[in-house]
Amino acid sequence: MKTSITRRHFLRATGATLALPFLESLARAAAPVPPRRMLAIMTNMGVMPRYFFPEKSGPDYGSTPYLDLIKAHRDRFTVFSGVSHPGVDGNHSSERSFLSCAPHPGASNFKNSISLDQFAAEQIGAQTRFGSLVLSVGRDHMGTPSTTRDGVQLPAERNPSALYRRLFVQGTPQEIERSIDDLRNGGSILDFVRDEARSLEKGLPARDKERLDQYFTSVRELEQRLQHAESWERKPKPIVQAPMPKDIPSDTEVETQTNLMYDTMRLALETDSTRIITIYLGPLLITPNIPGVKNQTHALTHHGNDESKIAELKKIEEAQFRSLARLLDGLTSVKEANGTLLDNTMLLYGSNLSNANSHDTTNLPIIFAGGGFKHGQHLAFDKKNNKPLANLFVTMLQRMGIESDKFASSTGTMSEI
């Protein structure tokens, strides 16, 4: 009979206080705990409510056409209705605030705040090669929802091949040294610019001093990113079996583009290259290569209840949910010590708009999957007095091990999951 020995049993039996030698049986018993991850997906053109929201709440909710496409994972996700960001209005401008919750994004004096992903990256980003990844598919409309503490939008990588190279292609020794030199030169330039700005600080009025403080905050953030990048530059990148994806130049093949980016994202999480990813699914400015679709996305979202346009838009949104199903398949296929990659990855999928035809920024369509939560239900909150979506953000931060009981407009946690 084979006996499994744990370190605790061994110590108790011997009363030993000395360090133990390496024993294979102990190593097998003490398998590492997989890290927690966070993945946020935002589509900026809403989701047609009639095909997304179930009528009934609770665990025995009836499915809908869009949810049918991901039904294989029904017990791994929760559908939310009656959630939104208080004070976030501004029609399409609301996409700026999807992850920051900053109010009135359409106002002329709007200033954004830090987004959920970047708040998390500040706390745990140094643990991986990339503190976070900001990605996009389709065309930018108002930029990504990922913003720094100073409210500055982060640019997105939109080519799967370029992302793959950043993650897995090791440079030559000469290329690595050049990269390090470039990073150090960047730091030197920041030192010079900061010193020049300091010389202007005396005698400035209060409003200008506030702007200068914001500038110094941005400089410090950039310095930290440069130092983090240099510390990882000489460490070997992970080796994966998957070949480099081939980029698709035409946006008409949006479903294939999305699938390629999702596959590369999964590899990034699987290799622990990052634990935080945000991806922006932008509008299609040309007609996608989807059977039965004759118009581009933005025009179709303003369908005016024309059933022929609604039918076309449904086909585009179905393609998005097919890609989501593929991503969920991929995350559940990767086995980890305590389950699957999805069990340790929180996946937030949703939009800044519910019904894009009316530019409605309340009752947002939200799916929350994975992460080890109690799923398989439809959580339906008050459609007139929505629950803050930021409550879910606080819950996500806490699951990442970040001690935070408040984020933006939150009033607590999402205790229902």
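Computed from a predicted structure; not experimentally measured.
Taking a cutoff of 4.0 Å between a charged side-chain nitrogen and a carboxylate oxygen, Asp343 and Arg76 do not qualify as a salt bridge.
The main-chain N or O of Ser146 is never found under 3.5 Å from a side-chain atom of Ser115 such that the two would form a donor-acceptor pair. A donor-acceptor contact shorter than 3.5 Å is absent between the side chain of Asn91 and the backbone of Ser93. In this structure, the side chain of Glu336 does not engage the main chain of Asn338 through any donor-acceptor pair within 3.5 Å. With hydrogens and angles disregarded, a donor-acceptor distance shorter than 3.5 Å links the side chain of Glu317 to the backbone of Met48. Under the 3.5 Å distance criterion, the side-chain polar atoms of Gln153 are matched with a main-chain donor or acceptor of Thr144. At least one donor-acceptor pair closer than 3.5 Å links the side chain of Lys237 to the backbone N or O of Val169. Side chain of Gln257 to main chain of Ile248: a donor-acceptor pair is present (N/O by atom type, distance under 3.5 Å, no hydrogens or angles). Proximity of a side-chain donor or acceptor of Arg275 to a complementary backbone N or O of Met38 within less than 3.5 Å is not detected. Side chain of Arg36 to main chain of Gly371: a donor-acceptor pair is present (N/O by atom type, distance under 3.5 Å, no hydrogens or angles).
Judged purely by distance below 3.5 Å, without hydrogens or angles, the side chains of Asn386 and Asn363 pair a donor atom with an acceptor atom. Thr128 and Asp272 form no side-chain donor-acceptor contact under 3.5 Å, judged by distance and modelled atom types alone. Residues Ser97 and Asn352 bring no donor and acceptor atom of their side chains to less than 3.5 Å of each other. Counted by atom type alone, Asp247 and Ser161 present one or more donor-acceptor pairs between their side chains at under 3.5 Å. Between the side chains of Asp117 and Ser132, no donor-acceptor pair is found at a separation under 3.5 Å. In this model, no donor atom of one side chain and acceptor atom of the other lie less than 3.5 Å apart for Ser409 and His85. For the 3.5 Å distance criterion, the side chains of Asp329 and His73 qualify, holding a donor opposite an acceptor. For the residue pair Gln398 / Thr413, no side-chain donor-acceptor distance below 3.5 Å is found, with atom types taken as modelled.
Cation-pi contact between Arg399 and Phe373: present, with separation from the ring centre below 6.0 Å and deviation from the ring axis of at most 45°.
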Please determine whether ring-ring contact (aromatic ring centres under 6.0 Å, His included) holds for the pair Phe52 and Tyr66, giving the CA-CA distance in whole Å, both sets of side-chain angles, and the decisive distance to 0.1 Å.
CA-CA 5 Å; Phe52 177 79; Tyr66 291 167; 7.2 Å; no
Go through Thr271 and Val240 one step at a time and tell me if the side chain to side chain contact (heavy atoms under 4.5 Å, CB included) criterion holds.
CA-CA 8 Å; Thr271 56; Val240 294; 3.7 Å; yes
Val83 and Leu392: side chain to side chain contact (heavy atoms under 4.5 Å, CB included), yes or no, with the steps?
CA-CA 10 Å; Val83 294; Leu392 178 60; over 6 Å; no
Go through Phe368 and His375 one step at a time and tell me if the ring-ring contact (aromatic ring centres under 6.0 Å, His included) criterion holds.
CA-CA 8 Å; Phe368 183 57; His375 289 305; 5.8 Å; yes
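For the side chain to side chain donor-acceptor pair (under 3.5 Å) test with His378, the passing option among Ser81, Ser57, Ser63 is Ser81; the others fail. Under the side-chain contact (heavy atoms from CB on, under 4.5 Å) test applied with Ile367, the options Ile70, Thr78, Leu328 reduce to a single match, Ile70.
Heavy-atom contacts from other residues, nucleotides or ligands closer than 6.0 Å to NZ of Lys383 number 12 or fewer. Annotation: Asp405, atom CG; neighbour count of heavy atoms from other residues, nucleotides and ligands within 6.0 Å does not exceed 12.
With sequence neighbours excluded, the residues forming a side-chain contact (heavy atoms from CB on, under 4.5 Å) with Asp382 are Lys384, Asn385, listed by chain and number.
Between Phe321 and Tyr349, a ring centre-to-centre spacing shorter than 6.0 Å is recorded.
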